[in-house]
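Here the structure is laid out as structure tokens; the discussion comes afterwards.
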Amino acid sequence: MKKSYIQLIAIFFISFIAVSCNNSVESEKNNTKTEGSHPKLILTKKGVDKIRQNLGNVPVFDKTLADTKAEVDAEIELGILVPIPKDLSGGYTHERHKKNFIMLQKAGVLFQILNDEKYANYVKDMLFAYAKLYPTLPVHPQTRSYARGKLFWQCLNDSNWLVYSAQAYDCVYDWLSKEERDTLEKDLFIPFANFISVENPQFFNRVHNHSTWGNVAVGMIALVMDNDELLENALNGLKIDDLKEGMKDNDGGLIQVKGQRLGFFGNLDEPFSPDGYYNEGPYYQRYAMYPFLIFAEALHNVKPELKIFEYKDGVLLKAVDALINLTDAKGDFFPLNDGQKGMSYYTAALVSAVDIAYEYGGENPELLSIAKKQDRVVLDDTGLAIAIGLKEGLEKPFTKKSINLSDGKNGDEGGVGILRNENIELVYKYASQGSSHGHYDKLSFSLYEDGNEVIQDYGLARFVNIEQKGGGNYLKENKTWAKQTIAHNTLSVNGENHYEGKFDIGSKHHPELYFYDDKNPNVQIISATETNAYPGTEMLRTFALIKDKDFQRPFTIDLFKIKSNKKNQYDLPYYYLGHIMKTNFDYKSYPQLNALGTKNGYQHLWKEAAGKPSTDNTVFSWKNNNKFYTLTTTSNTTDELILARIGAQDPDYNLRKEPSFIVRRKNTQNTTFASVIESHGSYSYVTELALNAYSSVANVKIVLDTESYTAVEIKTKKDTTKILIISNKDNSAESKHTVKIDNKEYNWKGSYYYK
């Protein structure tokens, strides 16, 4: 019969007390190993005392501790393994060294909390194994990176190692003898820090998530060793780097930007907007938040005079709130720019972020509800605070509402808007280029219901840490497909990319917010413009998420107005997920497939079928996740309606074979696309009943389209009429407007009218 969880915890803590007593006797024999100033970075002496006092009485902390102990004990049984580096991501040596630094940090924490020297010995033995290995290593044999590491194929992963190992060293610092510390610092830590900084300035001296990890790695070990020179390099960058302006990394991102602040402070200043949005997108914001916050916590504990959590109006704490808002109903991050789907706030980096934000951000009880879902905490002072808050039942729901997050250092480089109404979420990306991880997808959107994708953003083309697929790194299709404009739900003009698909151009421009309004709970609306993606062409796209009694669920209006100085071909794709139910147009399926084009991502789209609109409305309906969806869009008889599928010119099967519906409008100068996207009905595989399987929309019509105003009219099958009017030239919330349409006068105040 299995022991209950409570019994196991009780046995665990009885053992802990016994070990603590034994070790107390040993410490009396040699108090030189227990007296000192460490730990001081993440764990603190005061914090360790409080943790020990609460053990056995804080369930989520106790559970995390028990799980961590079992994990580290298994590694101790396995022994010390430090193989000669040779592999890319996902390979044995890469994953072994990665696991080592994680186990080092965890073992250090266990030593402090449990006062059991077997964990200190494990940390010591592991660090000395690295101190013996490191001086013998050349740069990594894999040559893919612009900044090759030694333990790993890139300096980025070497920096990961040092961030975690510095924490382990801090935990055993006072336990080690001075001679042991001197050896580790001389043979391992100082050469390691110098390698990723002075010897690789192209990695260290820039603004990027890579350099954030590098800055923090050097800064963390500097704090442990009280090394002011290394700390200065970490905080403010190298004074001399001999880098040439215009240098780029493997993804085409700029390394040297004239006048840009460097170091940890530079990486705080530049990528974060005042709202806490990180310009590389939520996937990389999640990755960077761990070093940002863990170093901030260390600085708070060691250098409180810096007031790091107050820096830039508390941007790091705002960033945690922004990140949580950048997740769907299931907690998955929206895959903007390079982003792998499925990454969520359950990742260890966000466990740490939530715990730190709670401790240093005023103990917001809404964060406790996220921590409760995560069901684990960091084994430090912040994790204990979370555990106590949960034990005392202080949590409140984290309610995600519509939000508009600005982008850019000063919040004036576009942004990301998320419209939410009931279970529907619409993500509108009108952000800056997003460093080298950015995609050419201005004014693009994605749509979710109940946390499920309805109209998707593709995300990145990469199998992260899966060695069989490109060594676990970015695939060539990330550039040839995932970053391309046609891969997203936005306008492609003449088959070309936004900003010519060139980072140098894209990094100089960004869309502009036209207006955002979430005051009316029934009408959440956002509008943005883009004038530089295609010189001579102006784009204004507006999304409204509307709750209306004549519709079963909130529906979306997509109004896309284009003004150009010449005639063009316009392609507007919708990357729906699911199975086609019905269309109101005839189409021809092709027995032999050909790619839709030869470049700019078109070479990766199979043209499966095509047709022409049969009326001035095109209706396209599909089923997904047991719900029905219908896109109703205004159309011209000359439009071409294309059913396409991702996967052409993909010999290694690196791409997902997913569908798209594309509206193509040729030989047109100025035009407007007006669409309604509606969720309706349901299907049960148990009852085999399809309920409300048809759209409520009878007709969508553009009833006014001038320089100043655009109006779209929606007639329902209940014989009711809705109208949305956008002021195209005046976005002031205070301006008053009067418009006459079909002899009916409309009067309102603000940027839009809906009724």
Side-chain angles (χ1 to χ4, degrees), residues 419 421-422 424 426 428 445 447 449 454-455 489 515 517 520-527 540-561 572 574 576 581-585 613-622 627-636 639 641 661 663 665 671-681 692-706 709-728 737 739-748 750-755:
L419 305 182
N421 210 321
E422 293 186 352
I424 308 288
L426 185 144
Y428 186 27
F445 85 108
L447 189 66
E449 182 169 11
V454 176
I455 294 177
N489 305 301
F515 68 85
D517 192 343
N520 184 343
N522 294 323
V523 182
Q524 310 284 286
I525 190 167
I526 187 168
S527 185
L540 170 64
R541 193 174 198 180
T542 304
F543 285 100
L545 184 57
I546 299 172
K547 182 179 179 180
D548 191 295
K549 61 182 177 58
D550 290 328
F551 291 80
Q552 182 183 4
R553 303 184 190 112
F555 68 96
T556 299
I557 298 178
D558 175 11
L559 199 54
F560 206 146
K561 184 177 178 65
L572 183 58
Y574 291 90
Y576 69 96
M581 292 289 99
K582 191 173 179 60
T583 72
N584 74 335
F585 59 92
S614 57
T615 69
D616 59 2
N617 268 207
T618 291
V619 180
F620 181 84
S621 182
W622 71 98
K627 291 184 175 66
F628 297 97
Y629 298 93
T630 300
L631 168 70
T632 305
T633 184
T634 56
S635 52
N636 301 327
D639 288 349
L641 307 173
F661 173 61
V663 180
R665 192 163 293 170
T671 194
T672 299
F673 296 88
S675 306
V676 171
I677 306 167
E678 180 191 0
S679 169
H680 54 91
N692 196 24
Y694 290 89
S695 170
S696 300
V697 176
N699 185 261
V700 177
K701 183 179 181 182
I702 299 173
V703 291
L704 177 69
D705 198 14
T706 66
Y709 301 98
T710 298
V712 58
E713 178 187 83
I714 304 165
K715 288 189 176 180
T716 74
K717 292 176 181 176
K718 295 180 180 179
D719 204 27
T720 58
T721 301
K722 319 292 176 181
I723 191 166
L724 174 68
I725 308 174
I726 303 298
S727 169
N728 297 328
H737 303 270
V739 172
K740 184 174 284 188
I741 302 173
D742 294 335
N743 296 317
K744 182 177 179 180
E745 190 171 272
Y746 297 88
N747 299 285
W748 76 94
S751 307
Y752 78 96
Y753 171 93
Y754 175 81
K755 192 171 181 180

Minimal heavy-atom distance between R665 and T672, with the atoms involved, is NH1-O, 3.4 Å
How far apart are the C-alpha atoms of T632 and N617, what are their side-chain angles, what is the distance that settles it, and do they pass the side-chain hydrogen bond (donor to acceptor under 3.5 Å, both in side chains) test?
CA-CA 7 Å; T632 305; N617 268 207; 5.8 Å; no
Passes side-chain contact (heavy atoms from CB on, under 4.5 Å), T633 versus V700? Steps please.
CA-CA 7 Å; T633 184; V700 177; over 6 Å; no
One pair to check against side-chain contact (heavy atoms from CB on, under 4.5 Å): T634 and K701. What are the steps and the verdict?
CA-CA 6 Å; T634 56; K701 183 179 181 182; 5.6 Å; no
Check ion pair K722-D550 (N to O, under 4.0 angstrom):
yes
What are the two closest non-hydrogen atoms of F551 and I714, and how far apart are they?
CZ-CG2, 4.3 Å
Between N520 and Y752, is a side-chain hydrogen bond (donor to acceptor under 3.5 Å, both in side chains) present by the stated rule, with each step listed?
CA-CA 12 Å; N520 184 343; Y752 78 96; 4.6 Å; no
Which pair of non-hydrogen atoms, one from I723 and one from I741, has the smallest distance, and what is that distance?
CD1-CD1, 4.0 Å
Using the ring of each side chain (for Trp, its six-membered ring), is Y709 parallel, tilted or perpendicular to H737, with breaks at 30° and 60°?
perpendicular
Are side-chain heavy atoms of F628 and E678 found at a separation under 4.5 Å?
no
Look at D558 together with R541 and state whether they make a salt bridge at an N to O cut-off of under 4.0 Å.
yes
Do H680 and Y629 have ring centres separated by under 6.0 Å?
no
Salt bridge (charged side-chain N to carboxylate O under 4.0 Å, His left out) against K547, all qualifying residues, sequence neighbours excluded:
E422
Taking the side chain as C-beta and beyond, is there a heavy-atom pair between V663 and F673 under 4.5 Å?
yes
When you look at N728 and K561, which way does the side-chain contact (heavy atoms from CB on, under 4.5 Å) test go after all the steps?
CA-CA 9 Å; N728 297 328; K561 184 177 178 65; 3.6 Å; yes
Sort out for me which residue in Y576, Y574, F620 forms a ring-ring contact (aromatic ring centres under 6.0 Å, His included) with F661.
F620
Ignoring hydrogens, what is the shortest heavy-atom contact between P613 and D639? Give both atom names and the distance.
CD-O, 3.2 Å
Nearest heavy-atom approach of N584 to V619 is OD1-N, 2.8 Å
Assess the pair Y428 and F445: is the distance between their ring centroids shorter than 6.0 Å?
no
Between S695 and T630, do the side chains contain a donor N or O and an acceptor N or O under 3.5 Å apart?
no
Salt bridge (charged side-chain N to carboxylate O under 4.0 Å, His left out) against E449, all qualifying residues, sequence neighbours excluded:
R553
Can I557 and S675 be said to form a side-chain contact (heavy atoms from CB on, under 4.5 Å), step by step?
CA-CA 6 Å; I557 298 178; S675 306; over 6 Å; no
